[in-house]
Amino acid sequence: MPVITLPDGSQRSYPEPLSILDVAADIGPGLAKSTLAGELDGSLHDACDLITTDASLRIITARDEEGLEIIRHSTAHLLGQAIKQLYPEAKMVIGPVIENGFYYDIHYPPGFSQHDLQRIEQRMRELAAADTAVVKRMTPRDEAVATFSARGEDYKLQLIEDMPEVQSMGLYQHDDYIDMCRGPHVPHHRFLGSFKLTAVSGSYWRGDSSNEPLQRIYGTAWRNDKELKAYLQRLEEAEKRDHRKLGQQLDLFHFEDSAPGQPFWHDKGWLLYSSLMDYMRRKVRAHGYIEVHTPQVLSLDFWKYTGHWGKYRENMFVVDESAETSFALKPMNCPGNVQIFKQGVKSYRDLPVRMAEFGKVFRHEASGARHGLMRVQGFTQDDAHIFCTPAQLEDEVIAMCGLINEVYAELGFTDVKVKLSTRPDERIGSDADWDLAEQALENVCRALELDWSLNPGDGAFYAPKLDFHLHDAIGRVWQCGTIQVDMNLPNRLDILYTGEDGEKHRPHMVHRAIMGSIERFLGVLIEHYAGDFPLWLAPVQVMIMNITDAQQPYARAVHEQLLQAGIRAELDTRNEKVGFKIREHTLQKIPLLVVVGDREVEQQLLSVRLKQGQDLGSMTPAALIELIQQAAQPGQNDLPAFVQQQ
RNA sequence: GCCCACAUAGCUCAGGCGGUAGAGCACUCCCUUGGUAAGGGAGAGGUCACAGGUUCAAUUCCUGUUGUGGGCACCA
């Protein structure tokens with residue numbers, strides 16, 4: 001005699017158990033037709049599942065987020081069906097839902113080519129159009145084992161072995177295909193159809209590279225073709241702001257075979273790079289840091305002493321290993337900074353020492369890991385190490401969080417989330433130290449009311465950390481800043497300070513980076529701004545164009561004047577029409593375009609327009625200089641709005 | 001490191017079932033001196049990533065290497 005409570009609070013009672021779909025049908029035939037599943041007392045169930053007791057029920061349709069996930073999950077099963085028909089020897093592994101779609105891992109040693117993908121997708125379309133019902137059956141364990149044994153699905157059998165406590169599992173069948181799943185799934189294939197297979201790649205059984213390799217096929221799936229199309233368009237948009245593409249188009253940097261994973265910065269890219277570095281230098285000085293600089297190449301003995309050789313030799317570039325004294329390029333700045341701290345005797349009066357180093361480090365990466373500026377082999381970190389007393393620890397971390405958020409806001413990132421990563425299984429140091437360090441970080445998160453969450457087990461092997469995740473202009477997340485409370489390196493490298501009591505004490509050491517790798521951060525910035533940098537970062541801030549040769553002397557004089565004022569101005573005196581010049585420099589995303597013709601020369605004025613097209617009318621060179629100096633400030637990231645306010 | 005692709009002019013790309021290649025833009029020169037997103041003409045430009053192999057002949061086919069792209073694994 002179940003009584004069903006619906007989301008609007010209304011109740012319906014029924015004489016005997018009935019399915020979720022039955023309830024939907026009772027509410028209305030339209031709802032029944034679009035029912036995908038139901039949420040019963042907070043957990044998702046298939047539409048065919050019976051309701052035997054009183055419960056609250058929410059019908060899930062494609063409009064719900066859960067509905068979309070169900071569609072994606074079922075499309076993965078559709079992929080499975082197509083694969084098994086076309087490649088009967090393939091063994092299905094797992095097919096989960098991911099952001100925007102799904103994938104399926106498949107054991108199929110010959111591998112799938114792009115051509116296979118098209119073939120599979122074609123078959124999926126045929127299957128989706130065939131108007132097939134999906135039938136769920138809760139199946140006793142031994143029967144499920146028998147089913148998958150008969151079908152040669154070795155991996156499904158292993159998955160069953162992984163859940164010894166489960167006595168019956170949901171098997172979903174459509175036509176000749178059977179898959180095991182927690183569900184729910186769509187009740188019928190008419191809900192499927194707006195999908196596309198997007199990529200094929202490799203993966204590993206249980207995600208472990210020492211296990212056998214698997215094939216993974218990625219797909220995207222949506223409620224309808226309109227959503228699918230919109231998604232594919234979003235992908236195109238993201239492609240347009242790809243930093244590698246923009247780096248080429250805007251002449252910022254290039255890569256070449258002679259230096260894999262190391263950018264050649266062109267003048268415009270280096271202006272960007274320098275602007276960022278200048279900005280950070282000013283910032284850290286203002287926040288009480290000292291800046292140091294340590295050697296690039298240090299002896300292997302030193303790296304053995306610090307422990308890096310033991311742990312990271314695979315990723316270290318070694319110089320002349322056969323020589324009597326071997327050296328390696330530094331992969332990290334911390335040991336060098338510690339060496340500076342160790343010079344002389346430190347008193348508690350000297351602490352905290354906030355030591356910044358814009359140190360260039362080199363890390364040899366696995367061949368498949370490199371990726372434009374996002375993963376390079378030689379890069380500069382905006383690194384710092386804070387040496388402090390235990391009593392100072394939390395305040396120092398609080399100050400760092402303040403600095404980090406200030407920098408992000410000025411760079412145009414307002415949506416910042418923090419993850420507290422705690423001790424991993426493989427680690428060094430005592431549990432007592434880990435307790436202390438983790439507690440300090442958590443205290444800070446609470447005290448500052450950061451938007452934070454726990455990421456258990458994801459800390460570095462030597463320290464727990466706060467990681468800062470930025471959300472960019474198109475919603476992607478980038479992990480950039482990090483704060484790591486390290487109780488281990490001070491021990492290992494034996495650093496000490498003299499306390500108030502005259503005794504030697506061990507300082508705490510906090511590693512911290514805001515941008516992380518400058519190279520990578522520039523990649524993020526390029527994509528965030530789509531190459532449209534705010535005035536204070538734009539490599540070229542102003543382009544001066546003459547209309548005919550007659551204005552060349554005046555244009556040159558104005559150019560000089562702007563350069564003298566410290567403005568990044570360029571001059572275009574080419575024999576081209578002004579419309580042509582404007583088009584080119586607009587495409588080069590130069591914020592301010594200045595035109596000088598006879599009228600301007602006569603009145604000693606400049607005709608100014610914004611990249612976005614607004615005409616700012618005429619102004620004197622001095623007025624333009626003042627405008628730029630006021631607008632080109634960190635944090636001032638919207639020139640049209642700034643101009644509007646003037 | 002693993003899976004699947006890719007590498008042709010400065011850039012974006014076409015081409016060829018084996019007979020050393022083409023377009024647009026950029027570049028150089030000429031005409032044009034034009035007021036806010038492409039004025040016109042001519043010219044120059046390539047060891048078809050690199051190394052082997054097959055072949056009378058390889059940019060094209062095969063193998064390997066390097067690099068790049070999408071993922072996996074890794075990421076102090």
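Please read all numbers here as calculations on a predicted model, not as lab measurements. Note on naming: letters A, B, ... go to the chains in the order of the sequence lines (proteins, then strands), and numbering restarts at 1 for each one.
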Base, sugar-phosphate alone, or nothing: which one does [X] contact when heavy atoms must sit under 4.0 Å apart?
{"X": "A:G368", "value": "base"}
{"X": "A:S607", "value": "base"}
{"X": "A:R216", "value": "sugar-phosphate"}
{"X": "A:F461", "value": "nothing"}
{"X": "A:F255", "value": "nothing"}
{"X": "A:S209", "value": "sugar-phosphate"}

On the nucleotide [N], are OP1 or OP2 found under 4.0 Å from the side-chain N or O atoms that [X] carries?
{"X": "A:R375", "N": "B:A73", "answer": "no"}
{"X": "A:R370", "N": "B:G67", "answer": "yes"}
{"X": "A:H371", "N": "B:G70", "answer": "yes"}
{"X": "A:R583", "N": "B:U36", "answer": "no"}

Measure distances between side-chain N and O atoms of [X] and base N and O atoms of [N], and say whether any donor-acceptor pair falls under 3.5 Å.
{"X": "A:E600", "N": "B:G35", "value": "yes"}
{"X": "A:D598", "N": "B:G35", "value": "no"}
{"X": "A:Y204", "N": "B:G71", "value": "no"}

Among the candidates [options], find the nucleotide nearest to the side-chain atoms of [X].
{"X": "A:S367", "options": "B:G1, B:G71, B:C2", "result": "B:G1"}
{"X": "A:I582", "options": "B:A37, B:G70, B:U33", "result": "B:A37"}
{"X": "A:F580", "options": "B:U66, B:A76, B:A26", "result": "B:A26"}
{"X": "A:K465", "options": "B:U12, B:A76, B:G34", "result": "B:A76"}

Stepwise salt bridge (charged side-chain N to carboxylate O under 4.0 Å, His left out) test for A:D494 and A:K342 = CA-CA 9 Å; A:D494 193 26; A:K342 284 173 81 168; over 6 Å; no

key: Modelled atom types, side-chain donor and acceptor of A:S453 and A:K419, under 3.5 Å   = yes

inquiry  = Given the ring of A:Y103, does A:R216 sit roughly above its face, with NZ or CZ under 6.0 Å from the centre of the six-membered ring and within 45° of the axis?
reply    = yes

Salt bridge present between A:E237 and A:K240 (N-O < 4.0 angstrom) = yes

